[in-house]
> 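One structure coming up, written as structure tokens, with questions to follow.
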Amino acid sequence: MTAAALVVTGLAALVHVYVFVLESLLWTGPRAARVFGLDAATARTTAPLAFNQGFYNLFLALEIAAGTVVIATGHRAVGATLVLVGALSMVGAGLVLVLSDRTKARAALVQLVPALLGSLLLIAALTTD
């Protein structure tokens with residue numbers, strides 16, 4: 001079950017790496033405009049905010065990646081803690097997104113569902129092994 005949890009949280013991490021790329025590297029381009037519904041003026045104005053926010057997404061993904069590596073090296077408790085901190089932070093961020101703007105429900109679900117499922121799987125694995 002641990003392997004399944006790490007695959008699912010890994011998928012959540014990949015979503016957040018993609019969002020990092022959009023927010024921090026491609027914010028003023030056409031792809032980010034399509035994904036986030038931006039016009040060029042808004043993208044230029046909000047670019048510094050998006051750049052910073054993108055790095056938050058990257059750091060959450062890196063917590064999961066680091067935790068996965070630590071688990072693979074045999075340090076299960078420390079690795080699981082890293083994975084859960086990253087994944088449950090993603091869940092929290094998704095909840096904040098949907099609670100602050102109901103029109104962002106789809107984006108919030110993409111952000112939080114894999115992280116939540118992976119977290120639940122990892123918690124189950126930790127309590128049954």
Side-chain angles (χ1 to χ4, degrees):
M1 192 169 327
T2 300
L6 296 178
V7 167
V8 176
T9 56
L11 292 172
L14 289 175
V15 167
H16 282 72
V17 169
Y18 176 67
V19 173
F20 158 74
V21 170
L22 287 174
E23 291 177 340
S24 295
L25 306 177
L26 304 175
W27 187 252
T28 57
R31 178 173 283 180
R34 276 193 312 278
V35 170
F36 294 102
L38 299 171
D39 59 61
T42 301
R44 281 191 306 277
T45 302
T46 59
L49 298 171
F51 183 78
N52 188 41
Q53 184 170 307
F55 275 90
Y56 280 92
N57 284 290
L58 179 62
F59 297 146
L60 293 175
L62 290 175
E63 287 174 357
I64 290 174
T68 300
V69 169
V70 171
I71 288 172
T73 63
H75 302 281
R76 191 169 184 209
V78 172
T81 300
L82 286 167
V83 171
L84 289 171
V85 167
L88 292 173
S89 294
M90 291 174 181
V91 172
L95 290 172
V96 168
L97 179 60
V98 74
L99 292 173
S100 66
D101 185 350
R102 300 272 188 219
T103 67
K104 304 283 192 258
R106 182 176 181 270
L109 290 174
V110 168
Q111 179 175 348
L112 75 87
V113 168
L116 178 60
L117 291 176
S119 295
L120 293 173
L121 286 170
L122 185 53
I123 291 166
L126 293 169
T127 58
T128 58
D129 290 344

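None of the values given here were measured: they were computed from a predicted structure.
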> To check you understand the geometry: which heavy-atom pair defines the closest contact between P114 and A12, and what is its length?
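Nearest heavy atoms, P114 then A12: CB-CB, 3.9 Å.
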> Of all heavy-atom pairs between S119 and A115, which one has the smallest distance, and what is that distance?
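Closest approach of S119 to A115, heavy atoms only: OG-O, 2.8 Å.
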> Report yes or no: does T42 contribute a side-chain atom to a donor-acceptor pair with the main-chain N or O of L38 at less than 3.5 Å?
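Such a contact is absent between T42 side chain and L38 backbone.
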> Any side-chain to backbone donor/acceptor pair from S24 onto V21? Under 3.5 Å, distance only.
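Between the backbone of V21 and the side chain of S24 there is no qualifying donor-acceptor contact (under 3.5 Å).
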> In Å, rounded to the nearest 0.5 Å, how long is the span from CG of N52 to OG1 of T46?
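Atom-to-atom, N52:CG and T46:OG1 are 12.5 Å apart.
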> For the hydrophobic clusters of this structure (ILVMFWY residues joined by side-chain heavy atoms under 4.5 Å, transitively), does one cluster hold both V17 and V35?
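Yes.
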> Taking all non-hydrogen atoms of both residues into account, name the closest pair between A108 and V98 and its distance.
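Minimum heavy-atom separation between A108 and V98: CB-CB, 3.7 Å.
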> So, do Y18 and V110 sit near enough that their side-chain heavy atoms are less than 4.5 Å apart?
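Y18 does not reach V110 side chain to side chain.
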> Begin from the C-alpha positions of T2 and L122 and carry the test side chain to side chain contact (heavy atoms under 4.5 Å, CB included) through to its verdict.
CA-CA 6 Å; T2 300; L122 185 53; 4.3 Å; yes
> Quick one: side chain to side chain donor-acceptor pair (under 3.5 Å) partners of E23, sequence neighbours excluded?
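With sequence neighbours excluded, E23 shows a side chain to side chain donor-acceptor pair (under 3.5 Å) to Q53, N57, given in chain and number order.
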> Atom CG in D39, atom CZ in R44: separation rounded to 0.5 Å?
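Reported to 0.5 Å precision, the distance equals 8.5 Å.
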> Taking all atoms of both residues into account, what is the closest heavy-atom pair of T28 and A47, and its distance?
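Minimum heavy-atom separation between T28 and A47: CG2-CB, 4.3 Å.
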> Is any side-chain heavy atom of L60 closer than 4.5 Å to a side-chain heavy atom of I64?
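No, too far: nothing below the 4.5 Å cut-off.
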> Closer than 3.5 angstrom, by distance alone: can the side chain of W27 be matched with the main-chain N or O of A43 as a donor-acceptor pair?
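Between the backbone of A43 and the side chain of W27 there is a qualifying donor-acceptor contact (under 3.5 Å).
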> Minimum heavy-atom separation for E63 to G86, with atom names?
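Shortest heavy-atom contact: OE1-CA, 3.0 Å.
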> Are any non-hydrogen side-chain atoms of T68 and I71 less than 4.5 angstrom apart?
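Of all side-chain heavy-atom pairs linking I71 with T68, none is under 4.5 Å.
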> Decide whether V91 and L109 are clustered together by the hydrophobic rule: side chain heavy atoms of Ile, Leu, Val, Met, Phe, Trp, Tyr closer than 4.5 Å, transitively.
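Linked within one cluster.
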> Verify the neighbour count for atom CZ of F36: are there more than 12 heavy atoms of other residues, nucleotides or ligands below 6.0 Å?
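Yes, because the 6.0 Å sphere around CZ of F36 holds more than 12 heavy atoms from other groups.
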> Would you say L58 ends up clustered with L22 if hydrophobic residues are merged whenever their side chains have heavy atoms under 4.5 Å apart, either directly or through other cluster members?
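Result: yes, single cluster for both.
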> Can you tell me how far apart CG (L11) and CG (L6) are? Round to the nearest 0.5 Å.
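CG of L6 is found 11.0 Å from CG of L11.
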> Applying a strict under-4.5 Å side-chain criterion to I, L, V, M, F, W and Y, I'd like to know whether L49 and F55 cluster together.
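No, no single cluster joins them.
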> Kindly determine whether V15 and Q111 satisfy side chain to side chain contact (heavy atoms under 4.5 Å, CB included), including the steps that lead there.
CA-CA 7 Å; V15 167; Q111 179 175 348; 5.6 Å; no
> Look up atom CZ in F51 and atom OH in Y56, then write down how far apart they are to the nearest 0.5 Å.
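If I round to the nearest 0.5 Å, the distance is 12.5 Å.
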> Looking only at heavy atoms, which two atoms of L112 and M90 are closest? And how far apart?
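Minimum heavy-atom separation between L112 and M90: CB-O, 4.2 Å.
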> Rounded at 0.5 Å granularity, tell me how far CZ in R31 sits from CG in L25.
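R31 CZ to L25 CG: 12.0 Å, rounded to 0.5 Å.
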> First locate atom OG1 of T9, then atom CG of L117, and finally report the distance between them rounded to the nearest 0.5 Å.
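It comes to 11.0 Å.
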> State yes or no: do V113 and L116 share one hydrophobic cluster built from I, L, V, M, F, W and Y residues joined by side-chain heavy-atom distances below 4.5 Å, directly or via other members?
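Yes; L116 is reachable from V113 via cluster members.
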